[in-house]
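Structure record follows, encoded as structure tokens.
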Number of protein chains: 2
Amino acid sequence: MATDKSRQNKDAGVTGDEDISWQAQKSAMTRDRILDATISCFINLGYTNVTTARVASAAGVSRGAMLHHFPSKTELIQAAVEYLHGKLLEDYTRRVNAIPKTKKGRAHRRAGLDAYWEYLTGDLATVYHELCVAGRTDPELQAILRSSSARFDEHVHKTNSVLFEEWNDRGDRYLLAMDVTRFMMEGMAVGQLTVDRKKRIPQLLDYLGDRLEEIFKEGDSGAAGRHSSRN
Amino acid sequence: MATDKSRQNKDAGVTGDEDISWQAQKSAMTRDRILDATISCFINLGYTNVTTARVASAAGVSRGAMLHHFPSKTELIQAAVEYLHGKLLEDYTRRVNAIPKTKKGRAHRRAGLDAYWEYLTGDLATVYHELCVAGRTDPELQAILRSSSARFDEHVHKTNSVLFEEWNDRGDRYLLAMDVTRFMMEGMAVGQLTVDRKKRIPQLLDYLGDRLEEIFKEGDSGAAGRHSSRN
DNA sequence: ATAAAAAAACAAATACGCCTGATTTAAACA
DNA sequence: TGTTTAAATCAGGCGTATTTGTTTTTTTAT
């Protein structure tokens, strides 16, 4: 993977300084187009219904061309999963950064919850969840996911540290808040897969937000009022 | 294999009231054996890797015999899903009924949480979740699931009404408690699919139990009630 | 001109549904 | 009661369709 096609600049003095040949650019473009098409197929068809022919059709290339870039389906899936992780990170950070900087304190944290919810119910996270489920009985996919998810979790953790920076020195309470948030919202996202429960979602988000405030409030006023998280 | 020839009731006029022929019994037995094998294949192979040949092999019958009972794979899946729902109900009610009758009040409700957790992390619920995920891009499976899940949800609701009978006249608070419980625990169960988080699970269950008590305590004594949870 | 990139044809494997044949059971009948 | 007939249950093979990977051919860029 990561087949860098940027050689043949050895001594071609004629075209000289072009260390990235135009052919390599085009190749990389079709490669990305194929990966994008794979993600689209994940979204539209589901992981199990993805075939190399459908991906090639969606990408607008022939199967032969695709097999040239990805010699086997396994390598295609592997590259697509890494690509998906990158898009997940970009999606998540984009939503978080879209929170107005004017929001502070509780409103800021609540906006973080909403952003996380939008992220979780988006197509990318849905597909990622589907891949995790499929990985239960697909050791190959499981290995691919495991190798990529470590970096992903680390980056999310870092982003959350920024989001909840006023709290990330709380140790156990911080972990509890993260777990409660993640699990409850993931459960809500999964539950929405089957039945439409949009009406109760806002209420549940409100409730979750209140509980998070509570978790850290208790830690605050329990000992002494240090580190006021009011803003 | 397993051909128990227990049909010497041929002329035993004493038991003459057998209006169901022994052939029908045997047929129903192989039918159930096939359905059990299908569930096993769901568990061991995953929904997408289930083929008619594997099911027949696991059931110990030939594909021809299976096609006699289930003319197409779709009908097999449909019957297996209904069968799975029945087993899910039986599993859930068995765990709930296994709660010692000596437990009362808060301890009883907490035992209900544990039972629900054991149920959610069991093989059957895991497979059911997998089917729901696969149904996203499989309209046929989605229709099958929808037609069966209604009765299932209704029965679970009834069981929960017994479990939390002291609260099932609370309207909104009851719905909130059910949603919070279900979503958070489902999220925990899903999260455990990928990463092993067994260490934090008890703490989270404790937290969830406390929040449930809190929800109804507040509703009990208005805005002031913060007393210890009594029966 | 050469080598990469793209397209298309080809071969192998798998899975589903259908068909025929064999065995067992229930019923009909002398 | 014993025999025959019909129906159900079961076993296995065959053809078709789909998918994958390989190979061959054509196009394109350097």
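Residue numbering restarts at 1 for every chain, and letters A, B, ... go by the order of the sequence lines. Quick caveat: nothing in here was measured; it's all calculated off a predicted structure.
- Going from atom CG of L76(B) over to atom P of dC16(C) covers 10 Å, rounded to whole Å.
- Judged by distance alone, the side chain of D91(A) and the main-chain N or O of K87(A) form no donor-acceptor pair under 3.5 Å.
- Every residue two or more places apart in sequence or in another chain was checked for a salt bridge (charged side-chain N to carboxylate O under 4.0 Å, His left out) with D138(B), and none qualifies.
- Every residue meeting the side chain to side chain donor-acceptor pair (under 3.5 Å) condition with K198(B), not counting sequence neighbours, appears here in chain and number order: D196(B).
- L212(A) contributes atom CG, which lies 9.5 Å from atom CE of M184(A) (distance to the nearest 0.5 angstrom).
- Within the structure, a side-chain polar atom (N or O) of H68(A) is placed less than 4.0 Å from OP1 or OP2 of dA5(C).
- In this model, the phosphate group of dC10(D) is approached by a side-chain N or O of H69(B) to a distance below 4.0 Å at OP1 or OP2.
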B/S/- contact track for nucleotides 12-25 of chain D, protein heavy atom under 4.0 Å | BBB----SBBB---

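- Taking the centre and axis of the six-membered ring of Y207(B), the NZ or CZ atom of R211(B) falls inside the cone set by 45° and 6.0 Å.
- Counting to the nearest Å, the P atom of dA5(C) and the CE atom of M29(A) are 14 Å from each other.
- Taking only side-chain nitrogens and oxygens, T30(A) comes nearer than 4.0 Å to OP1 or OP2 of dA6(C).
- We find the OH-CG distance between Y174(A) and N160(A) to be 5.0 Å, quoted to the nearest 0.5 Å.
- The CZ-P distance, from F70(B) to dA15(C), rounds to 20 Å in whole Å.
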